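Only one structure is covered here, and it is reproduced in the block below.
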Amino acid sequence: MAVLVYVDNSDGNIPNSSLESVYYASKVAETNQTETIALTIGNIDNSTLEGLGNYGASKVYNVNNESLNDFDSETYTNVVDSAVSKSGAEIIIFPHGYISKSVGPRLSARHKAGFVVAAIALPKTDDGSFVVKRTVYSGKAFADFSITSDKKIIAVQPNTFSPETTTNTASVETLAIDNVADGKTKVLEINKVTDKVPLTEASIVVSGGRGLKGAENWGMLEEMADLLNAATACSKPVADVGWRPHSEHVGQTGLTVRPNLYIAIGISGAIQHLAGVNGSKVIVAINTDAEAPIFKAADYGIIGDAFEVVPKLNAAIKNM
Ligand SMILES: Cc1cc2nc3c(=O)[nH]c(=O)nc-3n(C[C@H](O)[C@H](O)[C@H](O)COP(=O)(O)OP(=O)(O)OC[C@H]3O[C@@H](n4cnc5c(N)ncnc54)[C@H](O)[C@@H]3O)c2cc1C
């Protein structure tokens, strides 16, 4: 009864959210005294697959079939389901994202399996139950869900767990799966809207708050983000008034990020904002108010007007 964890393939690379899920799965497997098997789809270097052992996987199933190059929820469900059968897994873990949102419910329906999305803690199993915590009501509350079915599915909230790594490597097995082309839909064309690094995966995030006064002033933040190969983010009120899309809103009710560098510009540092960013390795704050709470959370601070500081920083970065 292994724990099976689905691992995303992003052009041959494995996103952090998947590495965190492998680590999460290995902790669940440890409690259940079983092994962790990772499932990947598509072309990924063998050494990268073996490296999933660093995060706790003992084995990796890789399914590499041309008909799976484009994501299709139905065919991907067939593949995951085949891996569930082969591994005998009772617990299936996904990183919470578009694949967990589309494959997870199908799998759940097939197996009548309880499914908890956006889990923020390891399951509690002390009294024989299986309880998973997640946030609810847009992050205003936590809820504990008891999964009572034999099969259990969990999608792990990205940037919630910091994996501890080892030097272990995983064995890699190529899985041949026959029923992959059963989908009732077919991808005809994909038009990429952006090549920018996804916010939850970015190692640098340039984030703006209400101190920027309006949507028209975001050009200097976008310039900084381009120079640093960073993603842009914002505080909640900025998304609420429509200066930036809600997909960029970080904090208690938005996304959680954990980059190496988080640059907070014109953000006061309210506790609800910090809840989504305080896992960042280094926080730099730029704010006119020396008393702003963001400076307590920041590693480096510049007390100054963003409209003067940011263009100067951009010029300095260009010169580097
Ligand atoms: C239940 C609940 C959930 C919430 N969830 C979230 C969440 O997920 N994320 C989130 O962000 N917020 C959230 N909030 C809102 C949060 O409490 C704050 O109101 C919000 O984070 C403040 O946004 P801000 O820092 O952009 O704006 P403000 O608090 O208005 O701060 C603007 C800052 O800009 C500075 N400033 C002004 N002019 C300049 C300038 N020219 N140069 C530099 N600095 C300047 C000011 O000194 C100030 O510190 C939530 C609130 C509640 C009640």
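Order of listing sets the numbers, starting from 1, for every ligand and every atom in it. Predicted model, so just to flag it, every value in this text is computed and none were measured.
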Taking 4.0 angstrom as the limit and counting only heavy atoms of [X], give me the atoms of ligand 1 inside it, by number and element.
{"X": "Q252", "result": "7 (C), 8 (O)"}
{"X": "G254", "result": "8 (O)"}
{"X": "K213", "result": "37 (C), 38 (N), 39 (C), 41 (N)"}
{"X": "F307", "result": "41 (N)"}
{"X": "D305", "result": "40 (C), 41 (N), 42 (N)"}
{"X": "G211", "result": "32 (C), 34 (O), 36 (N), 37 (C), 38 (N), 39 (C), 40 (C), 41 (N), 45 (C)"}

If you have a sec, work out which protein heavy atom is nearest [atom] and how many Å separate them, to one decimal?
{"atom": "atom 49 (O) of ligand 1", "value": "N287 ND2, 2.9 Å"}
{"atom": "atom 11 (O) of ligand 1", "value": "H273 ND1, 2.8 Å"}
{"atom": "atom 34 (O) of ligand 1", "value": "G266 O, 3.1 Å"}
{"atom": "atom 5 (N) of ligand 1", "value": "T253 OG1, 2.8 Å"}
{"atom": "atom 45 (C) of ligand 1", "value": "T288 OG1, 3.4 Å"}
{"atom": "atom 1 (C) of ligand 1", "value": "K140 CG, 3.9 Å"}
{"atom": "atom 53 (C) of ligand 1", "value": "Q272 NE2, 4.0 Å"}
{"atom": "atom 42 (N) of ligand 1", "value": "A306 N, 2.8 Å"}

Please determine whether any non-hydrogen atom of G304 lies less than 4.0 Å from an atom of ligand 1. yes
So, does P237 sit close enough to ligand 1 that a heavy atom of it is under 4.0 Å from the ligand? yes
Is there a donor-acceptor contact under 3.5 Å linking the side chains of N78 and R110? yes
N/O donor-acceptor pair under 3.5 Å between [X] side chain and [Y] backbone:
{"X": "T77", "Y": "L107", "answer": "no"}
{"X": "E201", "Y": "N16", "answer": "yes"}
{"X": "T232", "Y": "E222", "answer": "no"}
{"X": "S58", "Y": "T36", "answer": "yes"}
{"X": "N168", "Y": "N54", "answer": "no"}

Which option out of A270, G209, G269 puts a heavy atom nearest to atom 18 (C) of ligand 1? A270
With atom 29 (O) of ligand 1 as the reference point, say which of A285, S268, A275, G251 has the nearest heavy atom. S268
To the nearest 0.5 Å, what is the distance between CZ (R106) and CZ (F115)? 12.5 Å
Which bit of S235 is near ligand 1, meaning a heavy atom under 4.0 Å away: side chain, backbone, both or neither? both
Ligand 1-proximal atoms of V250, by part, heavy-atom distance under 4.0 Å: backbone
Where at least one partner belongs to residues 30-48, residue pairs that pass salt bridge (Lys or Arg N to Asp or Glu O under 4.0 Å), sequence neighbours excluded: K27-E30
In terms of heavy-atom contacts, does CD of E216 have more than 12 from other residues, nucleotides or ligands at under 6.0 Å? yes
Counting only heavy atoms not in Y300, do more than 12 sit closer than 6.0 Å to its OH atom? no
Where does the angle between the aromatic ring planes of Y6 and Y76 fall among parallel (under 30°), tilted (30 to 60°) and perpendicular (over 60°)? tilted
In terms of the angle between their ring planes, are Y262 and H273 parallel, tilted or perpendicular, with boundaries placed at 30° and 60°? tilted
